[in-house]
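For reference, the structure discussed in these notes is given below.
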Amino acid sequence: MSLPHPQGMSSFWRKDPLPLDNHRSTPHLPAESDLVIVGGGYSAGALVTHILAEYPDHPSILVLEARQLCSGATGRNGGHLKPDPYSHAGALANEHGLAAGQEVAAFENANLVAVKKYIEQENVDCDLVVTRGCDVHFKEEQVAQAKKALQMMNSGDAFQTCKNVEQVSGVKNARGCVTFTAGHLWPSKLIHHMFRQAIAQGVNVQTHTSVQSLTRLPDGRWSLLTSRGTVIARQVVMATNAYTAALLPEYHEQIIPYRAVSCRIVTPGKAPLLTNTYSLRFTDWDFDYLIPRPDGSIIVGGARSAYCQKKDAWYGNADDSGVIEETRRYFDGYMQRHFIGWEESNAHVDDIWTGIMGYSRDKLPRIGPIPHRDGLFIMAGWTGHGMPQIFLAAKGMAEMVVGGKPYSQTGLPRLFEETPDRMKAPNKVLEGWSKAKL
Ligand SMILES: Cc1cc2nc3c(=O)[nH]c(=O)nc-3n(C[C@H](O)[C@H](O)[C@H](O)COP(=O)(O)OP(=O)(O)OC[C@H]3O[C@@H](n4cnc5c(N)ncnc54)[C@H](O)[C@@H]3O)c2cc1C
């Protein structure tokens, strides 16, 4: 299994260099640290933020990032902060019981509120916009399924439209749409802010430092062999998402690297104003997501139908060094094809990039102590949906790692807890793909 590719391509979000991109708090690695966090993305940034906020007497913290700061999935995603109050949560309710599904829906809504509060309190310059997310369905059976899920979930402010749907959504051939509170932001600016605060409070951050192996010492501590020497830690948090199995073999086929694409579309001509974010749900498997940026551009991700026929192109593939060629054609004329009134807009792709998501075998995040590995914790496997979960997940993680609380006392959704049983779950990622018969 792969470590991060040494030449990951850039993305729109990371075009302009940021001061912490190549930060090293000290010229050499410390020989020891109480807590080592492996990975320098949203998970790591949110975790140090909560530790520093809640535990003034926190242990020493070292963050090790293989490439530039925030250059993994977080630095190349779609910027969509979209809770899912009915669709995935509804599927979870069907499978695990209503209370478990509702817990996930409530958690994602609470996460959005908490992120907004943090950004406002800290005055973070990251283009946060809170608006309505609009899920568009194109088939009658999907509309019926959405209606059923909404009724079952009794989902907060989610609202379904089945009449004049094209006019309401602005999307051609729409048969139904569900809207609810959602947001969008500039992810790397948020994460760099978190690390700026953390570094100012003494957290040691080391970029371009790849962890290559982990070994348990006889005294119970962990030895991390890195590209720049060895560090000993009492506790280690794996904030490595797609790359977890490269260090922990038991995560092979548990957190699966999944190659994905996003692009930026610009519009030189006149086009209708978009204020919602969107998910265009063509099938359960095949959907695109879209955010309108305050600068008038659009970020779109998805395009699965263009490249997912070939399993090797995405499944277990951690190569983010170049564009997935098939997806270039997919986004040509995208806005003109799908949005009413955009026909003469001359909207076109301005930038396109690849990123690696960490898909969990059972499509649920994995949070908490790692079974049979005393002192090791995980927060990963976000399954392409980390933005509505990571911030509050990190609060619970801080309570476990530093506060010593058991998972059950953190208030995190029961389904997200890492357990030995989950390792035996069926591989839903492959199941969904084979059923889709792309
Ligand atoms: C193209 C794309 C679009 C997406 N769009 C959205 C979206 O719009 N909304 C949404 O909710 N989610 C989206 N996601 C998913 C979202 O980006 C992730 O869920 C989230 O960013 C995960 O954050 P993370 O910090 O756990 O992982 P990452 O950001 O990937 O961070 C993990 C870090 O660990 C480092 N690392 C790994 N192994 C090692 C090692 N051995 N040594 C040192 N460092 C290591 C990596 O270099 C990386 O920087 C998208 C993902 C992609 C790829």
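In listed order, ligands and their atoms are each counted from 1.
- Taking the six-membered ring where tryptophan is involved, the planes of Tyr118 and Phe391 are tilted, since the angle between them lies from 30° to 60°.
- Using cut-offs of 30° and 60° for the angle between ring planes, the Phe416 and Phe107 rings count as perpendicular.
- Just one of Gln235, Glu418, Met400 meets the side chain to side chain contact (heavy atoms under 4.5 Å, CB included) condition when paired with Pro369; it is Met400.
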Are Lys82 and Thr277 close enough, and set up right, to give a side chain to side chain donor-acceptor pair (under 3.5 Å), and what steps lead you there?
CA-CA 8 Å; Lys82 191 195 93 161; Thr277 71; over 6 Å; no

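- For ligand 1, the protein residues placed under 4.0 Å by at least one non-hydrogen atom are Leu3, Pro4, Val38, Gly39, Gly40, Gly41, Tyr42, Ser43, Leu64, Glu65, Ala66, Gly72, Ala73, Thr74, Arg76, Asn77, Gly78, Gly79, His80, Thr209, Ser210, Val211, Ala239, Thr240, Asn241, Tyr243, Leu247, Ala260, Val261, Ser262, Tyr289, Gly355, Ile356, Met357, Trp382, Gly384, His385, Gly386, Met387, Pro388, Ile390.
- Taking the six-membered ring for Trp and thresholds of 30 and 60 degrees, Phe138 and His338 have ring planes inclined between 30 and 60 degrees apart.
- Taking 4.0 Å as the cut-off between side-chain N and carboxylate O, Glu325 and Arg328 count as a salt-bridged pair.
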